[in-house]
Amino acid sequence: MNFLEERIVKEGIVKAGNVLKVDSFLNHQIDIDVYRQMGEEFKKRFEGKPINKILTIEASGIGIACAVATPFHVPLVSAKKSTRINIDGDVYTAEVESFTHKTKNQIIVSKKFLTPDDHILIIDDFLANGCALQGLISLVNQAGGTVEGIGIAIEKGFQIGGQIIRNMGYQLESLAIVEGMNDETGEVFFRENK
Ligand code: 5GP
């Protein structure tokens, strides 16, 4: 098991509805050492790619994306969520359905911060059905930029998102892939990882 899988086994809480809570170290209270290790691991896995920007989605992606932007020495752009339809011409927008809240949000990024010259690494905390990632990919495509890769902390491999994104041809790197979890025993099972 790698550092993240070990921490999930120790502190992750399996909730009904296929939700894994990792509030004690990943997205409520944050263990900076875990974030730093994740940043370094993504740097290794995307070595050699001409990445000049990190893209994530607020709120829980931002911290991890900061830890990734640090070893890459590149700026980080965070797509904003908005319940209002944005009709200004100065932003790119996509619709994303929230897995945890079951609501639909517009996500937006200013046209100033995504351009055809950008080579983007997309980062998020969880991958479930892939809706958030497809929204982020759409924003990069609208700008004419290039998605160089996608880094996820925890992929729930029993949900469809990972397969959809890999079938689209992207290099998707997940630091922990959960193959199954049991909300009665609290057990979490992982896919064999690098
Ligand atoms: P997707 O769009 O892939 O269905 O869901 C990804 C988004 O939903 C992530 O940005 C994450 O914030 C949230 N999410 C999905 N599954 C989980 C989960 O099991 N636990 C937590 N804490 N967040 C999740």
Side-chain angles (χ1 to χ4, degrees), residues 4-5 7-31 34-35 38-39 42 54-69 76-83 93-109 120-141 147 149-191 193:
L4 185 59
E5 292 165 336
R7 200 61 185 265
I8 293 167
V9 166
K10 214 164 130 213
E11 293 178 32
I13 297 169
V14 181
K15 295 282 191 186
N18 289 330
V19 172
L20 177 64
K21 285 197 89 172
V22 282
D23 282 9
S24 64
F25 64 97
L26 203 80
N27 50 21
H28 192 6
Q29 174 169 264
I30 288 169
D31 184 325
V34 171
Y35 269 37
M38 291 197 294
F42 284 128
I54 309 291
L55 177 66
T56 191
I57 181 168
E58 67 178 11
S60 50
I62 296 177
I64 299 171
C66 275
V68 182
L76 149 66
V77 175
S78 163
K80 293 180 177 296
K81 289 177 186 162
S82 157
T83 44
T93 70
E95 193 176 77
V96 168
E97 187 173 331
S98 160
F99 176 79
T100 35
H101 301 112
K102 308 288 176 226
T103 52
K104 281 191 179 167
N105 285 310
Q106 292 275 321
I107 59 167
I108 61 172
V109 165
I120 304 281
L121 174 58
I122 295 176
I123 295 289
D124 204 3
D125 59 344
F126 273 90
L127 171 56
N129 293 324
C131 211
L133 284 186
Q134 288 186 76
L136 292 170
I137 291 167
S138 164
L139 296 177
V140 177
N141 288 342
V147 175
I150 299 169
I152 295 289
I154 305 174
E155 174 180 338
K156 290 184 293 179
F158 55 89
Q159 294 182 267
I160 195 70
Q163 199 183 325
I164 293 173
I165 299 297
R166 289 189 180 91
N167 284 346
M168 290 166 86
Y170 294 109
Q171 181 185 350
L172 168 62
E173 297 285 344
S174 302
L175 302 186
I177 303 183
V178 175
E179 239 3 324
M181 44 193 208
N182 186 327
D183 61 4
E184 280 166 15
T185 61
E187 282 171 298
V188 179
F189 308 98
F190 298 102
R191 188 180 298 174
N193 213 331

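Note that ligands are numbered from 1 as they come in the structure, with each ligand's atoms numbered from 1 the same way.
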Interatomic distance, CG@L121 vs CD1@I150, rounded to 0.5 Å, equals 8.5 Å

Atom pairs and distances, side-chain donor-acceptor, residues 125-139, under 3.5 Å, sequence neighbours left out:
| unit_1 | atom_1 | unit_2 | atom_2 | d |
| --- | --- | --- | --- | --- |
| D125 | OD2 | N27 | ND2 | 3.4 |
| D125 | OD2 | S60 | OG | 2.9 |
| S138 | OG | Q142 | NE2 | 2.9 |

For atom NZ of K102, is the number of surrounding heavy atoms from other residues, nucleotides or ligands below 6.0 Å larger than 12?
-> yes

Per the under 4.0 Å non-hydrogen criterion, ligand 1 touches N18, V19, L20, N27, S60, F99, T100, D124, D125, F126, L127, A128, N129, G130, C131, A132, K156

Evaluate the side-chain proximity of Q159 to N18: yes if any heavy-atom separation is below 4.5 Å, no if none is. yes

Distance-only side-chain donor-acceptor flag, E58 / S78, under 3.5 Å = no

The reported gap from CE in M181 to CZ in F189 (rounded to nearest 0.5 angstrom) is 11.5 Å

